[in-house]
Each structure stands twice: as C-alpha cells, then as structure tokens.
> 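Would you mind keeping the following structure in view while I ask a few things?
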Amino acid sequence: QVQVVESGGGLVQAGESLRLSCTVSGLTFGLVAMGWFRQAPGKEREGVSCIRYSGRSSYYAESVKGRFTISRDNAKNTLYLQMNSLSPEDTAMYYCAANRDAACSGTWTIRSAYNYWGQGTQVTVSS
C-alpha cells in the first residue's frame with residue numbers, strides 16, 4: 001500500500017519562507033519522478049514543480065521560478081519544497097505526488113501523469 005504524507009505547511013507573513021516535506025512509503029521512491037502541486041480555493045490544481053528520479057533535473061512553474069526549490073533525499077524516501085519570498089498568491093493546499101515515470105517530461109504539469117497523491121498540507125501567506 002502506497003502512502004504519501006505531506007508536512008510543513010502553516011501560516012506565514014509575506015516575504016517569509018517555509019519548507020514542505022513529503023514522505024513516501026510502499027513504492028520504490030528512488031525510481032520515480034516526484035511533483036508538487038497546489039490548489040487555491042476556487043481554482044484548478046496546478047503543477048508547481050517536478051524532480052527527476054535522480055534529482056539531477058527539475059522543473060518549475062513560471063510563477064515560482066527563482067523562489068521555490070524542489071529537492072529529494074532518496075535514502076530517506078523524502079521530497080522537499082523550499083519556498084522563499086512567499087506572497088499571498090502562494091496561499092493554497094500543497095500536494096505531493098508520485099509520477100508514473102522516472103522523468104518529469106513535458107507532461108509534468110498534468111495530474112494524470114501522477115498515480116499516487118498525498119492529502120495535502122495548507123500554506124497560508126498573510127499580507
């Protein structure tokens with residue numbers, strides 16, 4: 001049974017930082033690409049970032065480039081998202097997901113490219 005569990009969300013002020021973590025069990029973590037998505041109230045879930053199985057390449061949504069950094073520790077089966085310079089527009093539920101493939105490819109922003117999802121962790125940024 002695959003389990004995906006996010007943590008690290010919270011309430012912060014604009015300009016501050018947060019680091020999200022995602023622990024995965026029940027699958028060979030080191031063989032799959034991993035992604036972060038977010039969903040704000042009334043909006044579609046959007047891809048934030050994706051990292052290749054090896055961690056050697058990553059992709060970002062334009063809205064977070066230069067502020068967010070995705071990383072992974074395959075020895076700990078854990079994915080991270082370092083979020084800096086947060087703004088109220090980053091307020092959303094953040095989800096971790098396991099990709100169906102080892103690489104992110106051009107479909108990394110598409111939900112169907114991922115087959116396992118966590119329950120999400122809430123990030124709220126006040127102005």
Side-chain angles (χ1 to χ4, degrees):
Q1 180 180 355
V2 178
Q3 289 191 317
V4 180
V5 181
E6 304 96 335
S7 62
L11 172 63
V12 296
Q13 293 188 333
E16 294 185 339
S17 299
L18 273 178
R19 188 175 83 153
L20 305 183
S21 298
C22 170
T23 302
V24 180
S25 60
L27 61 76
T28 308
F29 180 80
L31 294 184
V32 297
M34 294 293 299
W36 285 101
F37 282 69
R38 68 185 181 184
Q39 187 166 17
K43 294 188 176 181
E44 293 289 316
R45 191 172 299 188
E46 64 172 350
V48 174
S49 184
C50 182
I51 187 167
R52 187 179 175 86
Y53 75 99
S54 62
R56 291 186 177 181
S57 61
S58 55
Y59 304 82
Y60 297 91
E62 285 296 324
S63 58
V64 306
K65 273 184 182 178
R67 300 187 299 121
F68 290 12
T69 302
I70 191 171
S71 62
R72 64 191 297 162
D73 185 336
N74 287 347
K76 295 182 178 179
N77 284 12
T78 302
L79 177 73
Y80 303 99
L81 185 68
Q82 177 67 42
M83 306 185 295
N84 298 329
S85 302
L86 285 162
S87 72
E89 289 69 37
D90 296 313
T91 295
M93 186 71 78
Y94 283 72
Y95 298 91
C96 170
N99 198 289
R100 297 178 186 274
D101 201 352
C104 296
S105 77
T107 60
W108 75 266
T109 60
I110 300 173
R111 291 177 63 175
S112 61
Y114 302 80
N115 51 358
Y116 298 106
W117 293 79
Q119 294 299 307
T121 185
Q122 178 68 39
V123 172
T124 303
V125 184
S126 64
S127 59

> Give the cluster check for Met93 versus Ile70: same hydrophobic cluster or not, with ILVMFWY residues linked at side-chain heavy-atom distances below 4.5 Å.
no

> Are Val4 and Phe37 connected in a single hydrophobic cluster, I mean Ile/Leu/Val/Met/Phe/Trp/Tyr linked by side-chain heavy atoms less than 4.5 Å apart?
no

> Which atom names give the shortest non-hydrogen contact between Ser126 and Pro88, and what distance separates them?
C-CG, 4.3 Å

> Which heavy atom of Leu86 sits nearest a heavy atom of Leu18, and at what distance?
CD1-N, 3.9 Å

> What heavy-atom pair brings Gly118 and Tyr95 nearest, and what distance separates the two atoms?
O-CD2, 3.6 Å

> Hey, is the main chain of Ser112 close enough, under 3.5 Å, to the side chain of Arg100 for a donor-acceptor pair?
yes

> Hey, quick one: are Val64 and Met83 part of the same hydrophobic cluster, counting side-chain heavy atoms closer than 4.5 Å, chains of contacts allowed?
yes

> I'd like to know whether the aromatic ring centres of Phe68 and Trp36 sit less than 6.0 Å apart in this structure.
no

> Look up atom SG in Cys50 and atom CG in Leu79, then write down how far apart they are to the nearest 0.5 Å.
9.0 Å

> Taking all non-hydrogen atoms of both residues into account, name the closest pair between Ser63 and Arg38 and its distance.
OG-NH2, 3.4 Å

> Okay, side chain of Arg72, backbone of Phe29: is any donor-acceptor separation there less than 3.5 Å?
yes

> Is a side-chain donor or acceptor of Arg67 paired with a backbone partner of Ser85 at a separation under 3.5 angstrom?
yes

> Just verifying a value: how many Å separate Tyr80 OH and Gln82 CD, rounded to the nearest 0.5 Å?
11.5 Å

> For side-chain contact (heavy atoms from CB on, under 4.5 Å), just list the numbers for Tyr60 and Thr69, CA-CA rounded to whole Å, side-chain angles, deciding distance to a tenth of an Å, and then say yes or no.
CA-CA 8 Å; Tyr60 297 91; Thr69 302; 3.8 Å; yes

> How close do Ser49 and Leu81 get, counting heavy atoms only, and between which atoms?
CB-CD1, 4.4 Å

> Does the side chain of Ser7 reach to within under 4.5 Å of the side chain of Thr121, using non-hydrogen atoms?
no

> Check whether Leu20 and Val12 end up in the same hydrophobic cluster, where Ile, Leu, Val, Met, Phe, Trp and Tyr are linked by side-chain heavy atoms less than 4.5 Å apart.
yes

> Got a second to check how far Asp101's CG is from Arg52's CZ, nearest 0.5 Å?
8.5 Å

> Examine distances only and state if a side-chain atom of Thr91 and a backbone atom of Val125 form a donor-acceptor pair shorter than 3.5 Å.
yes

> Write down the atom of Thr78, the atom of Ser21, and the distance for their closest heavy-atom approach.
CG2-CB, 4.4 Å

> Quick one: does any side-chain atom of Tyr114 pair with a main-chain N or O of Trp108 as donor and acceptor, under 3.5 Å?
yes

> Roughly how far, to the nearest 0.5 Å, is the CZ atom of Arg111 from the CD atom of Gln39?
6.5 Å

> When you measure from the side chain of Glu6 to the backbone N and O of Gln119, does any donor-acceptor pair fall under 3.5 Å?
yes

> Determine yes or no for a side-chain-to-main-chain donor-acceptor pair under 3.5 angstrom, with Asn77 supplying the side chain and Leu27 the backbone.
no

